[in-house]
There are 2 protein chains.
Amino acid sequence: MPTDTPTYDCIVVGAGLAGLVAARNLHRAGASVLVLEARDRIGGRMYGRALPSGGWVDWGGQWVGPTQERFCALLSEYGVERFPSPSQGRKVLIFGDQRYEFEGFFQGFFEGLPPGVPEGDWSDAIDAWARFDALAARLEPEHPRSNDLTRKLDAVTFAQWIGENTRTAFGNWYFSYMARAVGTGCAEPEQVSLLHVLWGHRVASQAEYPEAELLRGGAGQLPAKIAAAFAERVRTGEPVLRARQDGAGVTLETPRGRYAARFAIVAMPPHLAGRIAYDPPLPPLRSQLTQRMPMGTCAKLLVAYDRPFWRDRGLVGTGIGNSGWVELCADSSELAGDVGVIAAFVYGHRYHAWRQLNESDRRAAILADLARYFGDEALSPIAYDEADWTSDPWTGGGYTAFMPPGVWTSFGEALAAPVGSIHWAGTEVAERWPGFFEGAVRTGEAAAERVAALL
Amino acid sequence: MPTDTPTYDCIVVGAGLAGLVAARNLHRAGASVLVLEARDRIGGRMYGRALPSGGWVDWGGQWVGPTQERFCALLSEYGVERFPSPSQGRKVLIFGDQRYEFEGFFQGFFEGLPPGVPEGDWSDAIDAWARFDALAARLEPEHPRSNDLTRKLDAVTFAQWIGENTRTAFGNWYFSYMARAVGTGCAEPEQVSLLHVLWGHRVASQAEYPEAELLRGGAGQLPAKIAAAFAERVRTGEPVLRARQDGAGVTLETPRGRYAARFAIVAMPPHLAGRIAYDPPLPPLRSQLTQRMPMGTCAKLLVAYDRPFWRDRGLVGTGIGNSGWVELCADSSELAGDVGVIAAFVYGHRYHAWRQLNESDRRAAILADLARYFGDEALSPIAYDEADWTSDPWTGGGYTAFMPPGVWTSFGEALAAPVGSIHWAGTEVAERWPGFFEGAVRTGEAAAERVAALL
């Protein structure tokens, strides 16, 4: 396949949030852009639907926090309102046979009043957290570079650290849960580098409240708003299979056509970016990175009820626990609305076991867990959506990608470095808020800026 | 893309050794087969060339051992003679500033007389080896299944085990070198699961002498011999980009055409098998496995001399050491021949640093290392071939794939399990001698047998 005379200034591969932001900014700067998207829809992990009964569900990301500045700016620009996530009431912790209601929250970082677990269990977790937090503070707030400290932290699984730093089953679960549930990975602790988990806390900390607010109408409305200005330049159903570049530009081939541009921005998770057949081949450091940066493992369930019944019981709608399937769930509806929506998550080993069940049993398993958290009304939803990103070949997992041991310090420098006329974007590439909408916006903006400067 | 009416009984994707053996056996059984190969040649990592001056070089695998029964049978069938690898003379160990000549050999497993490293260093390594060997013996000689023991071993990097089981720099290097140089991975110890390294020793042990013999004329002659009987059914330059299956069969699409069969055997490393766009998508366990099983990191250098000059010095031509670049090299020529060939290997971190050099500096670096092992005559070769499998997009690394922590026990069951009408082969899938020719032959035979039984 020869390269062709460029028709566009830049082709963006992937119409998720990062790709749309990149395309928008280039289009605004007067560049001619084309967006190629594998799915038959745009938005990637920014996707949702309105419920017939009112309200909405977001299959992908849904929250925003106060320090996520670029995403907040985007919301303002498109007139999408933010409102506080429900916070009034008690949260629920399930651990083993016990169920606790409490007025705090934890996901590594803890605040408020602790749940009533035995004091020794709680102090085990919290003491280890102080060590974890202090260790993370020693990292620079950027992509980890290879040095004596990072190499040491990168040679160890998070499971190893947990084993050495906790002595109770609760303490162990507290950190295992964090590895699965926070925004930088959804990895089982034995799969992920200690360095990666520390880095996630350093650059995307729960202490900055990334789930402080929800979006009125849902995040899923945004892709169409962003793409509106250049909608005729977006081609869906066109997975890029091959990419050829030379000094003149880049030619991309999909099952339906061939497109040429001076530059390309590939805005997909690294393992998907690695599936394109590049000519010339990617440098070995980049090629091997894309073999080593898997997506985490999770599904999100959106369960809607005719009313947010948990509030009657003084519950805020947040459940955390080592329950059979659902380790985290949260109220995802408006305080004033009629419809109640719980977003529930199944991670890691639990996900793969759950996935073996048939559809009816999967649903029953989730509802039974929600009933344990919030009461039997949970068994009678008005809508139940499975957002199974791990079964979806155009994402391949969720929430985002993570680094197994030894990857950051050997291959990390290839994560963001352009290769010829090809630039990389996507929340997985972000130095700040990776795995969040904010990271996607930042990398989309940065890629557009770099390409615009070269045009 | 709809599926088509099957034209073939089975399409084999990948014309490496496993794919060729599978196609051959099906063809012999009377099935109609087609082989689709991405490269413009067949053979995969079984590839070499004759030297104009006489002799040959193998860019990929080259050795065979007495317990590699299926590969030995294949060699006999095609009349390829085996002869003993050169073994007369002293081997060379370089460690730091020191150079030792010794009459033993080690790569984990040790035999013969030890090199003259300080006694404390040597016993550190050998004592740890006894523990490693005993731990590996506790594994079943098959793909690791998830149980209490394997989950524990799979939660730890090999680097962690090395740190806890050695106390000297030599002991540490002894095992790090083993992780990089033995047949199951070429992984840096911080990248690989302890379980994976133990398993490699369990099912593909150096104690069975897998490098005991060489092949007269080289391994590279075999692919054409195997394919001869069905050469018209082999299509090169046809990477499979998409695969669709339903109850009736499988349709495969390449840039040049579309081919339909009742079954497919995909005989490629898992990360490459994962790059095909499957419709319906692969089950999530399989899809996530292919994101998590990277190829190791190495290049092989074939350096030919007008004569095997090292023999004049009583050297066997084997060098092992923590030299700048070449950690392992070995005489790969006949005892009676005129031409001397050294096969040299650069692994892991050393590979990626070496790859940054320009071509001339890369060559100079390798020759300088060989001179340190064998003397200054090494600086004047008559041929120098870089077999850089890690830069080659249709292999992506070498010698083979490995498992980072947490992969075997969570995703291992998806490695060999067929998905609908698609079966998997390739040395990475083997339960015995993974990473060796033997593993490729076994999986090719097994896949053909399974498919033949279904026809």
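Each chain gets a letter, A, B and so on, in the order its sequence line appears, and its residues count up from 1. Worth saying up front: this structure is predicted, and the values here are computed from it rather than measured.
- With a 4.5 Å cut-off on non-hydrogen atoms, B/Tyr351 touches chain A through its side chain but not through its backbone.
- Counting non-hydrogen atoms of other residues, nucleotides and ligands closer than 6.0 Å to CG of B/Asn147 gives a total above 12.
- Taking the side chain as every heavy atom from C-beta outward, B/Ser410 and A/Gln191 approach each other to under 4.5 Å.
- At least one side-chain heavy atom of B/Arg275 sits under 4.5 Å from a side-chain heavy atom of A/Thr290.
- Considering only heavy-atom pairs separated by less than 4.5 Å from chain B, the leading option among A/Pro294, A/Gly406, A/Gly348, A/Pro393 is A/Pro294.
- Taken from OG1 in B/Thr390 to CG in A/Leu285, the straight-line distance is 11.0 Å, to the nearest 0.5 Å.
- Within 6.0 Å of CG in A/Asn358 there are more than 12 heavy atoms belonging to other residues, nucleotides or ligands.
- Between the A/Gln291 side chain and the B/Gly396 main chain, a donor and an acceptor come within less than 3.5 Å of each other.
- Annotation: the span from B/Trp408 atom CH2 to A/Glu190 atom CD amounts to 15.5 Å, rounded to 0.5 Å.
- Using a 4.5 Å cut-off between heavy atoms, B/Gln288 contacts chain A through its side chain alone, with no backbone atom that close.
- Within the 4.5 angstrom heavy-atom criterion, only side-chain atoms of B/Phe411, from C-beta onward, approach chain A.
- Heavy atoms of other residues, nucleotides or ligands lying less than 6.0 angstrom from CD of A/Glu386 number more than 12.
- Comparing A/Pro404, A/Ser391, A/Ala401 by how many heavy-atom pairs each has under 4.5 Å with chain B, the most go to A/Ser391.
- Not counting sequence neighbours, the partners of A/Asp148 by the salt bridge (Lys or Arg N to Asp or Glu O under 4.0 Å) test are A/Arg151.
- Interface check for chain B: of the options A/Ser287, A/Gly274, A/Ala159, A/Pro283, the most heavy-atom pairs under 4.5 Å are formed by A/Gly274.
- Of the residues considered (A/Val407, A/Leu272, A/Thr297), A/Thr297 shows the highest number of contacts with chain B, using heavy-atom pairs under 4.5 Å.
- Checked by atom type and distance alone, the side chain of B/Thr157 pairs as donor or acceptor with a backbone atom of A/Ala155 at under 3.5 Å.
- Remark: A/Ser193 pairs with A/Asp154 by the side chain to side chain donor-acceptor pair (under 3.5 Å) rule, at least two apart or across chains.
- Comparing A/Pro239, A/Pro189, A/Pro255 by heavy-atom pairs within less than 4.5 Å of chain B, the highest count is held by A/Pro255.
- No other option in B/Gly397, B/Pro284, B/Pro281, B/Ala277 has as many heavy-atom pairs under 4.5 Å with chain A as B/Pro284.
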